[in-house]
Amino acid sequence: MHNVYFDHDGNVDDLVSLLLLLQMPDVNLIGVGVIDADGYVDPASEASRKIIDLFGHAGRKPATVAKSNSRPVHQFPKEWRLSAFSFDDFPILNEHGAPKTPLAKQPAHLDMVQAIKQSKTPVTLVMTGPLTDLARALATDPTITDNIERLFWMGGVMNSQGNVAEPGQDGTVEWNAYWDAEAVKTVWDSPLKITMVGLDSTDQVPLTAELRARWAQQRRYPALDLIGQGYSLVHSFEANSTYYLWDVLTTLVSDYPELVDSVPVKSDVIKNAPSEGRTFITESGREIEFVTNVHADAFFDKIDQLAKSATDTSI
Ligand code: AGV
Ligand code: CA
């Protein structure tokens with residue numbers, strides 16, 4: 001059993017990641033933070049609380065969900081952020097009324113500091129949105145690095161094929177990094193051990209019609225029904241951008257590293273336009289573990305296996 005803190009930003013794959021994290025038999029989820037980035041933070045926090053109510057297991061689920069008060073440098077497109085409202089309204093999450101898992105009293109970055117300080121064993125940090133709350137946590141108390149086993153982050157890209165299509169940037173940047181590039185640099189300059197799951201590897205797991213059909217055929221399992229419903233909210237014709245299993249890959253890699261190949265590389269981060277948030281490999285950089293290749297069949301099987309094991313624990 002190991003302690004995990006999960007910080008996400010409320011898009012569909014973030015919420016599916018939470019659902020799957022709660023099913024990992026050897027994960028004790030000690031906290032969840034939600035940042036106002038790729039999903040509006042209020043419905044994203046509500047949905048998180050309901051997912052924990054419904055699919056969390058006593059003794060290894062978080063006591064609260066902490067809402068971030070961090071603000072963007074570059075906000076995500078509204079069209080993407082809106083899916084959190086629909087997800088939060090799914091009937092399966094509302095059968096039992098208002099969420100029971102309470103909101104934390106502190107904002108997410110302080111909740112993160114407290115959870116890490118209080119943990120008796122080193123904490124695995126899984127982050128599937130911008131790194132702002134971790135950068136602020138490090139500024140609040142730099143000694144938290146002593147009790148963090150490793151950071152698994154969905155973000156960045158090394159091959160310069162970014163996914164941000166906004167004016168004033170050069171196409172080399174991944175969105176979570178672009179939202180707050182300064183925070184990425186702060187984290188890179190810390191002594192933390194980092195595994196980066198960037199677009200280089202997530203590009204290997206697109207959301208396809210076959211995948212949707214695979215989940216549809218297993219909808220008798222409530223969690224797979226919820227996953228299928230969730231992904232029905234996102235389509236590649238919106239904002240002309242394919243959806244990938246970005247965050248789910250990152251989350252599964254944090255507990256099942258055998259699902260991917262990775263190599264140590266030295267890398268750095270550009271803080272300024274037009275490459276604001278660009279990650280790149282350089283001999284003068286700091287070492288990170290960089291995921292290069294996904295064992296896709298095993299990955300999709302693991303999603304099914306975890307989701308099938310999920311039962312409604314609220315009744
Ligand atoms: O850049 C990938 C990150 C992941 O954390 N997010 C989505 C995942 O949660 C941003 C993003 C890029 N393209 C998108 C995104 C799209 N087409 N729809 C929604 N979010
Ligand atoms: Ca995300």
Side-chain angles (χ1 to χ4, degrees), residues 6-21 32-41 43-45 47-48 51 68 70 72-87 108 125-134 151-166 169 171-181 183-184 187 195-208 211 227 230-254 276-279 291 294 303:
F6 180 47
D7 187 274
H8 75 80
D9 69 341
N11 210 268
V12 168
D13 60 336
D14 295 88
L15 294 167
V16 169
S17 296
L18 172 60
L19 167 57
L20 296 175
L21 255 182
V32 171
V34 186
I35 186 167
D36 190 32
D38 204 8
Y40 284 87
V41 72
S45 304
S48 299
I51 289 168
S68 172
S70 296
V73 178
H74 302 286
Q75 187 54 289
F76 280 94
K78 181 180 177 182
E79 295 74 25
W80 297 354
R81 282 163 49 73
L82 281 170
S83 67
F85 283 100
S86 304
F87 204 112
L125 253 183
V126 180
M127 298 186 72
T128 57
L131 292 178
T132 314
D133 283 326
L134 175 55
L151 164 68
F152 290 85
W153 180 49
M154 192 289 123
V157 57
M158 294 302 191
N159 65 14
S160 76
Q161 305 294 303
N163 65 1
V164 178
E166 296 281 315
Q169 55 79 44
T172 63
V173 183
E174 184 280 329
W175 253 110
N176 289 338
Y178 183 64
W179 199 85
D180 184 356
V184 183
V187 169
T195 295
M196 170 177 147
V197 184
L199 301 181
D200 315 78
S201 55
T202 61
D203 275 351
Q204 297 169 33
V205 284
L207 175 60
T208 60
L211 203 45
I227 290 171
Y231 280 104
S232 78
L233 301 174
V234 290
H235 289 92
S236 53
F237 46 75
E238 286 164 19
N240 195 25
S241 165
T242 304
Y243 210 93
Y244 297 86
L245 274 73
W246 301 279
D247 298 353
V248 175
L249 179 63
T250 308
T251 303
L252 264 56
V253 166
S254 74
E276 198 180 333
R278 179 178 181 176
T279 45
V291 173
V294 186
I303 295 174

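One-based numbering, in listed order, for ligands and for the atoms of each.
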Quick check: does [X] put an N/O/S atom under 3.0 Å from the Ca ion (ligand 2)?
X	answer
Asp38	no
Thr128	yes
Asp14	yes

List ligand 1 atoms under 4.0 Å from [X], heavy atoms only on the residue side.
X	answer
Phe76	10 (C)
Asp247	4 (C), 5 (O), 8 (C), 9 (O)
Asp13	8 (C), 9 (O)

Hey, does Trp246 come in under 3.5 Å of ligand 1, counting only N/O atoms on both sides? no
Would you check the N or O atoms of Thr128, main chain and side chain alike, for any that come under 3.5 Å of an N or O of ligand 1? yes
Residue portion contacting ligand 1 (non-hydrogen atoms closer than 4.0 Å) for Asn163: side chain
Where on Asp14 is there a heavy atom closer than 4.0 Å to ligand 1, on the side chain, on the backbone, on both, or on neither? side chain
So, applying side-chain hydrogen bond (donor to acceptor under 3.5 Å, both in side chains) with Ser70, which one of Thr132, Asp133, Asp180 is it? Asp133
Val234 near ligand 1, heavy-atom distance under 4.0 Å? no
Mind checking whether Tyr244 has a heavy atom under 4.0 Å from ligand 1? no
Look at the rings of Tyr178 and Trp175 and say which category their plane angle falls in: under 30° parallel, 30 to 60° tilted, over 60° perpendicular. perpendicular
With atom 3 (C) of ligand 1 as the reference point, say which of Asn176, Leu15, Leu199 has the nearest heavy atom. Asn176
Winner among Asp38, Val248, Thr242, Asn11 once heavy atoms are compared against atom 20 (N) of ligand 1: Asp38
